[in-house]
Number of protein chains: 2
Amino acid sequence: MKSTIPDTGVPITPPDANGRDRQEASLHGEILLRLRDYVVEGNIPAGGRVPERQLCEMLGISRTPLREALKVLAAEGLIELLPNRGARVRQLSRRDLEELFDVMAGLESLAGRLACETITDAEITAIEQLHYEMYGHYLHRDMHGYFQANQRIHESIVAAARNETLKTAYANFAGRIRRVRYSANFARKRQRWAEAMREHEAILDALRRRAGSELSDILFQHLRNKRMAAIEHLTEPQEGVQASP
Amino acid sequence: MKSTIPDTGVPITPPDANGRDRQEASLHGEILLRLRDYVVEGNIPAGGRVPERQLCEMLGISRTPLREALKVLAAEGLIELLPNRGARVRQLSRRDLEELFDVMAGLESLAGRLACETITDAEITAIEQLHYEMYGHYLHRDMHGYFQANQRIHESIVAAARNETLKTAYANFAGRIRRVRYSANFARKRQRWAEAMREHEAILDALRRRAGSELSDILFQHLRNKRMAAIEHLTEPQEGVQASP
DNA sequence: TTCCATCATTTTGCATTCATTTTTTGTCTC
DNA sequence: GAGACAAAAAATGAATGCAAAATGATGGAA
C-alpha cells in the first residue's frame, strides 16, 4: 500500500520527527511532513530555490503531491511562491524575526496565563524537575543541554495550557524560527545567561502561586529579552544561518 | 488570459473581500481566496462535504488548482481532509470554540501590549472616535452597528501593534470563528452589553496611558467574557450556524 | 421485512500530458 | 571583448487520464 516509494536513499527525516498533524495516510501528507522537516532543519540555504523536479526524484513521487505540499508550506510561511518562478525558502528579515519572536512571546504568555487556571501540582513538579536539570547544565556551562531543558520547560508550559489550537500555532511559529534559533548563541554573554536563569526562577514562582496575570507578564518579558539576545547580533539584512556544507 | 472563467453565476465573493495574501496572480491563489471566503461566509453547512467536481464547474477550473487550495484551507483549519473521503467543512466543537476564543484573546492581549509601545496620539484619537461611534450604537440598541464598530476597534488595536505576522495570524483565527461569531447574539443580555462597554472604557484608558501590561490583562479578560457570552448558550455538540437556505 | 453480500457508479489520489513562461545558451554586431 | 537579440532548453501552472477506494444500489437469504 501507500504506493511503493523506491527509497532513493532519501536524506530526509524519518516519517515521524515533528509532532504534528499525522496525516501520513495520504502521500501528500507524508510528503508534507518530510518536506517540512527538510526545510525546517535548514537543508536548503535561506532564499535558495526549491527545485520541484529534483525533489520529485528524491522522494520518488510525481509533481502533483509535491506541489500541494509546497502550497501548504507557503501558507505556513516557511517558503514563498513566486509566480511562474517557483518556490524559495523564505528569507527572514531582521524585522520578520522580531515579529516572530514577539508572537511567540505572546503565545507563551497566553500559555502561562491559561496554565495557571488548570495546572496540577504534578505538572509543576515536573517543570521544577526540568528547571533543576537546566540549572545543572547552566552550572556546567553546557549550552546544548541547557538549551534543550529550556525548550522542554517552555513546551511543558504550553502543554499545561490544555489548548490544542494554541499548541499547534505555537509549533508552527517555532518551526519558522528554528532555523535561526540554533544560531542564537546568546550564551556568549554570560550575563544574559544568568539573567535568564533568574527569570526562570520567577516563572516557576509565579506558576506555583498560579498567578496567571503575573506569569503572563514575566513570560512575555522573558521572551522579549531572549529576542534581544538572539537578534541584536544579526547584521541588518536577514537570516543568520546557512545550510551546512 | 487567466483561463476564461465562464462566470457560471458564481455566488462566491468578489476577488478582494478578505484583506489577505493577495496572491491572485496565479489561478491557484485566486481560487484560494474565493474558496476561503466562500467557506468563511458559511455557504456550506458545518460538517458538510465539499464536492470537488461541483466546485470545479462552479469556478470553471480543473481539479488540480482546486485541490491545492483545499489543502491550504485544511492547513488553515477551515476544512478537514478525510483520507480517500474528501473534504468537509470543519465542525467546531464547543471545546474548539473555547480554544479559538482563548487564542484570539491571547493575540489581542499581545496586540494591546505591543501597541502601547508605539501607538501614536492620532491612532488613539481614531480609536476614541470609533469608541464614541460604538457608544452611539449601544445607546440606540443597534446591535449590528455596535458589532461593526467593535470589530473595527479591535482591528485597530491589532494594526497599532505594527506586527504583520501577528495581524495575519489574527486574521486567520478570526476567519475560523467568523461563521459562529455572528450567531453569538450575546446582546440579548443587556447586562453583558453594558459590561462590555465598561470594559471598552477601561481599554481606552489603559491605551491612553500606554500601560501595556495592564491593557494586556484587560483585553484578555474582555475577550474571555466575550467567549463566555458567545459560547455558553451553545448546546454541547457544536457549531451553531447553518448555511442560509 | 431485515440483514448482508455483491456489483455498478462515483469520487478520490496521483501520474502524466499540454501550454506558457522563464531562463539559459548561442550568435551576431559594435 | 561586451552587449543585445534570438532561439533552445528548462521549469512552472494547469488540465486530463487512470487506478484504487468509497459510496450506493440491487438482490438474495434468514
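Please read all numbers here as calculations on a predicted model, not as lab measurements. In what follows, chains are A, B, ... by sequence order, proteins preceding strands, each numbered from 1.
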query = When every nucleotide of nucleotides 8-13 of chain D is labelled 5' to 3' by its protein contacts under 4.0 Å (heavy atoms), B for base, S for sugar-phosphate only, - for none, what sequence of letters results?
reply = ---SBB
ask   = Based on Watson-Crick and G-U pairs with both distances under 3.5 Å, what dot-bracket line describes DNA chain C 5' to 3', crossing pairs as [ ] and inter-strand pairs as |?
value = ||||||||||||||||||||||||||||||
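- For the side-chain contact (heavy atoms from CB on, under 4.5 Å) test, no residue two or more places apart in sequence or in another chain qualifies with A:Ala159.
- For B:Ala115, the side-chain contact (heavy atoms from CB on, under 4.5 Å) partners two or more places apart in sequence, or in a different chain, are B:Ala160.
- Residues passing the side-chain contact (heavy atoms from CB on, under 4.5 Å) test with A:Thr118, sequence neighbours excluded: A:Arg162.
- Between the CG atom of B:Leu130 and the NE2 atom of B:His154 there is a distance of 11.0 Å, given to the nearest 0.5 Å.
- When rounded to the nearest whole Å, the span between CD of B:Glu68 and P of C:dA15 equals 14 Å.
- Remark: A:Glu155 engages no residue in a side-chain hydrogen bond (donor to acceptor under 3.5 Å, both in side chains) (not counting sequence neighbours).
- Checked by distance alone, A:Thr64 brings a side-chain donor or acceptor within 3.5 Å of a matching partner on the base of C:dA15.
- Across the protein-nucleic acid pair, A:Leu66 atom CG and C:dA15 atom C1' stand 13 Å apart, rounded to whole Å.
- Residues in residues 44-56 of chain B take part in these side chain to side chain donor-acceptor pair (under 3.5 Å) pairs, two or more places apart or across chains: B:Glu52-B:Arg63, B:Glu52-B:Arg67.
- Residues passing the side-chain hydrogen bond (donor to acceptor under 3.5 Å, both in side chains) test with A:Thr165, sequence neighbours excluded: B:Glu99.
- Residues that satisfy the side-chain hydrogen bond (donor to acceptor under 3.5 Å, both in side chains) test with A:Arg227, not counting sequence neighbours, are A:Asp102.
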